[in-house]
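Below: one structure, written as structure tokens.
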Amino acid sequence: MKLRFLIPLLAFFALVGLLFVGLSLDPRELPSPLVGKEAPDFDLPELHNPEVRFARDDMLGKPALFNVWASWCVTCRHEHPMLTELRRNGVPVYGLNYKDTRSDALRFLARYGDPYSAIGFDESGLVGIDYGVYATPETFLIDRNGMIRFKHIGMITPEIIETRILPLYRQLEAET
Amino acid sequence: MRPLHFLSAPLLLAALGLPLSAAAQSGGPTAPPSEPMTFETEEQEVRYQRLIRELRCTVCQNQNLIESNAPLANDLRRQIALMVNDGAETNEIIDYMVARYGDFVLFRPPMKGTTYLLWFGPGAMLVIGLGVLGTILWRRRTQVGSAPLSEDEEERLRRILGEGGGDKA
């Protein structure tokens with residue numbers, strides 16, 4: 001008989017548990033269907049020099065970070081030192097300058113430094129659409145064969161570098 | 001559809017403060033005038049209008065592509081218009097969007113392993129709820145029905161009935 005009175009209490013705690021999990025999920029963190037798939041192909045003018053092309057295949061051969069950014073994106077400015085830090089740790093960092101103007105982007109790099117090995121200038125945002133970009137900054141970790149192995153939406157923090165990016169990068173480096 | 005109905009449904013919804021997308025079938029918003037999309041056939045126009053109502057804007061997550069003013073929604077509308085004009089099938093365009101942004105862009109999620117709970121959860125909850133209600137009501141009915149009157153109560157009942165009969169006579 002006593003057990004019957006416990007049922008509503010248990011149901012209540014089950015509901016609290018459900019809400020606790022549900023409300024602590026970030027609805028902006030969408031699982032990307034691109035993780036585990038090949039990085040979409042592109043061939044763009046390079047940001048610094050429109051005569052030079054920068055294609056997806058230029059990133060292959062070594063695992064690399066591919067960072068989507070824009071000068072109008074405030075979070076990208078905060079994130080910028082993290083990319084410099086990754087570069088210092090030996091991670092090649094490539095950029096996709098998303099829906100920006102060349103002069104604004106170059107001014108941004110002149111002011112905050114340029115950790116990128118090469119930057120694709122995606123003025124129309126079409127390459128961004130192919131990469132499922134919806135909130136800059138977004139960062140992809142691509143292995144040596146061009147497979148996307150990890151995606152992070154929003155700012156890279158020191159914690160994410162330590163716990164996710166660097167360990168996975170070392171693992172990808174060891175892969176043949 | 002008579003003209004009166006055609007007018008009154010969106011007006012009523014607007015008055016109730018409901019989002020206009022609910023009235024999409026009977027008018028509703030069309031693409032912003034700043035970006036005129038031209039189509040070769042009316043069928044393409046219809047397909048485009050249907051697609052941008054069914055696909056979600058990933059930036060403003062509670063709006064579909066037609067409602068959103070986000071630059072990305074603008075780009076995606078243009079991309080969809082291009083694909084429609086190129087003769088892409090509706091499901092090709094949906095596949096294109098899902099390949100990039102995931103099932104999240106669909107306001108009608110597909111039925112598969114991870115979405116069974118979403119699709120059947122409400123129905124299952126209704127069945128469970130009705131089951132619990134039915135059980136409680138059934139038990140109560142049998143409890144009430146099986147309780148016999150004590151002798152005192154029988155006596156009181158006879159007296160009350162007797163008095164009632166007396167008044168009438």
Side-chain angles (χ1 to χ4, degrees), chain A residues 1 4-5 7-8 10-11 14-15 18-19 21-22 25-42 56 66 68-73 75 96-101 104 122-138 140 147-148 151 153-154, chain B residues 35 51-52 55-65 68-83 86 88 92-107 109-110 112-115 117-118 121-122 124-125 128-129 131-133 135-136 139-140 143:
Chain A
M1 195 59 194
R4 275 188 50 177
F5 291 109
I7 291 174
L10 288 178
L15 189 66
L18 196 71
L19 290 178
V21 173
L25 291 175
D26 183 359
R28 300 201 67 89
E29 288 275 316
L30 304 185
S32 173
L34 286 165
V35 173
K37 298 223 174 73
E38 203 170 321
D41 210 0
F42 64 85
R56 183 203 72 146
F66 187 49
V68 183
W69 67 283
S71 65
W72 45 260
C73 154
T75 319
L96 181 73
N97 183 237
Y98 177 68
K99 287 177 79 81
D100 208 344
T101 66
D104 284 348
D122 183 24
E123 193 173 17
S124 65
L126 278 177
V127 174
I129 290 180
D130 280 343
Y131 276 81
V133 170
Y134 64 90
T136 49
E138 291 189 16
F140 300 84
M147 295 287 255
I148 295 176
K151 179 187 182 185
I153 295 162
Chain B
E35 36 175 303
L51 274 164
I52 60 177
L55 294 168
R56 185 201 292 254
C57 170
T58 46
V59 181
C60 333
Q61 301 192 339
N62 292 322
Q63 292 184 312
N64 57 19
L65 285 179
S68 176
N69 278 322
L72 179 66
N74 191 357
D75 290 353
L76 290 176
R77 281 195 297 266
R78 202 172 49 219
Q79 188 65 16
I80 290 169
L82 276 175
M83 291 179 80
D86 282 352
E92 278 174 352
I93 298 174
I94 287 177
D95 288 348
Y96 172 91
M97 292 288 289
V98 170
R100 283 155 183 76
Y101 295 98
D103 287 337
F104 187 81
V105 294
L106 306 174
F107 270 119
K112 59 184 191 185
T114 49
T115 58
L117 192 63
L118 181 70
M125 293 293 270
I128 292 171
V132 170
L133 182 71
T135 312
I136 291 173
R139 276 201 196 144
R140 183 171 296 168
Q143 273 167 7

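Chain letters run A, B, ... following the sequence lines, proteins first and then strands; every chain starts at 1. Values below: every heavy atom of this structure, side chains too, minus hydrogens, waters and symmetry copies.
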Minimum-distance pair of heavy atoms, taken over all atoms of A/S124 and B/D75
O-OD2, 3.8 Å
Where is the tightest heavy-atom contact between B/Y101 and A/I129, given as atom of each residue plus distance?
OH-CA, 3.6 Å
Please report the closest heavy-atom contact between B/A99 and A/P33, naming both atoms and the distance.
O-CG, 3.4 Å
Proximity breakdown for A/K99 and chain B, heavy-atom pairs closer than 4.5 Å:
side chain
Please classify the contact of B/V105 with chain A as side chain, backbone, both or neither, using a heavy-atom distance under 4.5 Å.
neither
Rounded to the nearest 0.5 Å, what separation is found between the CZ atom of B/R100 and the CG atom of A/D130?
4.5 Å
Answer with side chain, backbone, both or neither: which region of B/F104 has an atom nearer than 4.5 Å to a non-hydrogen atom of chain A?
side chain
Count the heavy atoms of every other residue, nucleotide or ligand shown that sit under 6.0 Å from CG of A/L25, and state whether that count exceeds 12.
yes
Measuring from atom OH of A/Y134 to atom CG of B/L76, what distance do you get when rounded to the nearest 0.5 angstrom?
13.0 Å
More than 12 heavy atoms of other residues, nucleotides or ligands under 6.0 Å from CD of A/E123: yes or no?
no
